[in-house]
Amino acid sequence: MSLDQLNLKIVFGGGLELLFSNQRSHNISIPSRVNSKLYNGETTTTEEQNIKSFSRRPGILVLINDTDWELEGEGDYVLNDGDEIVLISTLHGG
Amino acid sequence: MSLDQLNLKIVFGGGLELLFSNQRSHNISIPSRVNSKLYNGETTTTEEQNIKSFSRRPGILVLINDTDWELEGEGDYVLNDGDEIVLISTLHGG
Amino acid sequence: MSMSIPLPPLSLPEYRRYGRQMILEGFGLEGQVKLRNAAVVVVGVGGLGCPALQYLAAAGVGKLGVVDHDVVDLSNLQRQVLHTESRMNMAKALSAEIALREINSSITIKPYVTQLTSNNARKILYEYDIILDCTDNVPTRYLLSDTAVALGKPLVSGAAMKLDGQLCIYNLEPDGPCYRCLYPRPPVPTTVKTCEETGVLGVVTGTIGVLQAVECIKLILGLHGNKNSLLVFITEKLPNDLYLCLDKNSTLLIFSALSFPPFRNAKLRKKRPNCPGCGQDRLKTAKIEETDYVAFCGGPAFDYEGM
Amino acid sequence: MSMSIPLPPLSLPEYRRYGRQMILEGFGLEGQVKLRNAAVVVVGVGGLGCPALQYLAAAGVGKLGVVDHDVVDLSNLQRQVLHTESRMNMAKALSAEIALREINSSITIKPYVTQLTSNNARKILYEYDIILDCTDNVPTRYLLSDTAVALGKPLVSGAAMKLDGQLCIYNLEPDGPCYRCLYPRPPVPTTVKTCEETGVLGVVTGTIGVLQAVECIKLILGLHGNKNSLLVFITEKLPNDLYLCLDKNSTLLIFSALSFPPFRNAKLRKKRPNCPGCGQDRLKTAKIEETDYVAFCGGPAFDYEGM
Ligand SMILES: [Zn+2]
Ligand SMILES: [Zn+2]
């Protein structure tokens, strides 16, 4: 783990994983800056772009370390090394 | 959190909690020494005594951070601050 | 469910039938009477509703409403365990009624062979204490949430698809979110798939349906943060996990049959003050009745084939 | 469950009945044929066995063995959802047979109205691929583990008491532990309580029983680490969670209805090389038949009132 990289785990669920070759769990590294936020203004990775795009879709929940990101300040949340970000689509079936 | 204390969480389950006023979860602090082990030779707290006594009873599993303590070296495991130790009795009913 | 009514004694057969749960610490006669006095309505008698109803009836919930307009089809039997081969083409609500009476003839079962709509939702749901959302489509989920808020009742909502399941209690006192707090806008219709299109494993709906019954029974017994009931249970020495419930956020249980670990709990936001469902300016009942939930969710393509 | 047999086509009604699961990615005709060719025996038709059997029958497992010597009692109906008021005093194995045939008349159901003993265990269990331990007493749990090891079959073991449940697969290839690896010595008899003494909530046995069916179906479909089956599923693009199963330790699922979070997964040790159950010097079949499991567990006080 280098100090200028943030290692994150991105998990897709509730059907979203279908858009990622059916792979639920992705480990990524992004360049760390002072106060890296979930949206840091400039898009550096495909994954970050995905989070941005999906979090604005209706019917999608974003969880940061198993907590609704609305409790964490949404886009203002400052990322920590090792954070797990889950994007999950609400299910409607029964 | 002081540096010379280890904070541990002890959880009892599967019926063992009945022996502790039906309280499943206990937060305790024990004096930290270099290489504190689960069994450190001298008994310092009631909780430590309980772990010792229960772990030797048949039908009891000891989990350290959700891992069977046999995988962690049993009594040789070196305790870390924040560890969670679960003592759970196997259930037989259905 | 009121605490002030003196407890009527149970009959001897009731003591025998419910003995295994009545001897649980903190349950006792009082817990059984709470179940007997409780009225629960289950909307949708498909993959989720069947196991939920089965366990609520077995436990002795006194009155069960059963809402479904659909009939039993051969393709349902893979997961809808209350229905049988000989009851194919019978209304699901009536098929369920027969099955539940065989398990427990001492409770009241009220079938509604009708589709829940914005016009009948309040009339059907008002006489129940707890609502179980066991449906399979987006418009009904919004309708159930709005009506649960209007009636001030908790909504135990389950959902399943393929190998995944989700479980959440909406509108839980004092500040739990409603469905609209989480999902202010409905999903784009083209992204919504039904279980008929994508498939679902029966054990997945079974797991979530039984867990809906778990949560419903906890609500009836007062193990979800109701202070009055909580005090009762403390005196009877239930495990201290109870205390944790008091100021807990609402949670979403996520089950994925093949993942490790298969269960995940997420902490959810509290009510949104400006939520159109449960905030200050919330929909009045009249508004609910004026709402076309199908159109709100983007069109008529909605298939209520009871899961 | 062999991979080399050419797949016979399903009948049209079977396609209709199982369509919702057959369209799942990686399931298909091959998955359904695996279920149809599988033989599963459920020992104990009580609180755990009932929901497990229900979902295995609904999913189309081709042959189900149902072992229980007990009869249906009123006190069972609070959680044993296959039995009915009209079938009280009937043998549970026969009551279950009736209920399962109503759900799915196209599968083979083989009831055994007998207590599993060290003398008949091998004879009864050898013709099945997977064994479900849905019993309620310590001696039968040791007997089932030793017999599963002798026959080389996985044992999906559930247990429940009060508000707690546990689920574990023993003797899972290649190096999963057996029951004796975890519990070399039986508990002191005075510390063993039955569900009759301590009580149990029906939804807790229901949750664990359904999850036993989940694990059983995963085993049949080859989602638990069998390399040959795994390859098949990779080509059919099942989620990558599968890969995680390959070198995973055995796990114990712990469910506590009132705890938060209610589910906990613990990683377990591998087989013990010197385990008297599954190690080098393990019990031979002859030894199992000579063993008095009741005495081994400390005495005759054992009540097989099928949970
Ligand atoms: Zn709201
Ligand atoms: Zn062993």
Side-chain angles (χ1 to χ4, degrees), chain A residues 8-28 37-39 47 49-80 82-94, chain C residues 43-44 46-49 79 133-141 157-162 164-166 168 177 179 181-188 191-200 204-205 208-209 212 249-252 254 256 258-259 264-270 272 297 306-307:
Chain A
L8 304 175
K9 187 175 170 190
I10 316 271
V11 179
F12 298 99
L16 283 183
E17 69 278 12
L18 289 176
L19 304 171
F20 300 91
S21 325
N22 233 337
Q23 196 180 328
R24 281 174 190 260
S25 185
H26 302 251
N27 291 304
I28 64 164
K37 294 187 179 176
L38 210 51
Y39 293 166
E47 286 77 9
Q49 211 165 15
N50 286 331
I51 298 178
K52 263 194 204 180
S53 124
F54 285 119
S55 65
R56 286 169 184 158
R57 277 204 204 172
I60 306 257
L61 272 188
V62 180
L63 309 174
I64 301 170
N65 301 325
D66 281 333
T67 298
D68 188 351
W69 81 331
E70 197 172 274
L71 293 171
E72 302 284 8
E74 302 197 17
D76 287 337
Y77 175 74
V78 178
L79 290 165
N80 297 304
D83 275 354
E84 183 187 44
I85 298 158
V86 175
L87 290 114
I88 195 158
S89 176
T90 177
L91 301 177
H92 316 103
Chain C
V43 184
L48 301 166
R79 65 194 184 289
D133 182 349
C134 299
T135 63
D136 66 343
N137 67 84
V138 187
T140 310
R141 291 184 183 274
S157 175
M161 191 160 280
K162 299 205 285 184
D164 288 356
Q166 294 174 359
C168 188
Y179 191 67
C181 287
L182 261 76
Y183 309 109
R185 289 174 298 148
V188 180
T191 68
V192 177
K193 299 269 189 298
T194 67
C195 284
E196 278 58 52
E197 294 170 293
T198 65
V200 67
V204 173
T205 55
I208 297 297
Q212 284 182 277
N249 285 307
S250 285
T251 62
L252 173 71
I254 303 164
S256 182
L258 293 184
S259 290
R264 184 186 271 274
N265 271 280
K267 292 197 197 86
L268 294 179
R269 64 197 71 172
K270 297 189 189 300
R272 280 181 205 264
C297 293
M307 278 298 95

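All values derive from a computational prediction rather than experimental measurement. What's counted below: heavy atoms across the whole structure, side chains too, no hydrogens, waters or symmetry copies. Chain letters run A, B, ... following the sequence lines, proteins first, then strands; residues in each count from 1.
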**Asked** Taking atom types as modelled, is there a side-chain donor on Tyr179(C) or Asp133(C) under 3.5 Å from an acceptor on the other?
**Response**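 Absent: no donor and acceptor within the cut-off.
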**Request:** Below 4.5 Å from any heavy atom of chain A, which atoms of Arg141(C) appear? Answer side chain, backbone, both or neither.
**Result:**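 When you check distances to chain A, only side chain atoms of Arg141(C) fall under 4.5 Å.
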**Request:** Name the region of Ile208(C), side chain, backbone, both or neither, that has any atom closer than 4.5 Å to a heavy atom of chain A.
**Result:**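 Contact with chain A involves no heavy atom of Ile208(C) at all.
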**Message:** Looking at every heavy atom in both Pro177(C) and Cys181(C), which two are closest together, and how far apart are they?
**Reply:**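 Shortest heavy-atom separation between Pro177(C) and Cys181(C) comes out as CB-CB, 3.6 Å.
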**Prompt:** What closest approach, in Å, do Ser89(A) and Gly14(A) show between heavy atoms, and which atom pair accounts for it?
**Reply:**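 Nearest heavy atoms, Ser89(A) then Gly14(A): CB-O, 3.4 Å.
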**Request:** Using side chain to side chain donor-acceptor pair (under 3.5 Å) as the criterion, list what pairs up with Asp68(A), not counting sequence neighbours.
**Result:**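 Partners of Asp68(A) under the side chain to side chain donor-acceptor pair (under 3.5 Å) test: Arg269(C).
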**Prompt:** Highest number of heavy-atom pairs under 4.5 Å with chain A: which of Arg272(C), Met161(C), Gln166(C)?
**Reply:**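 Heavy-atom pair counts peak at Gln166(C).
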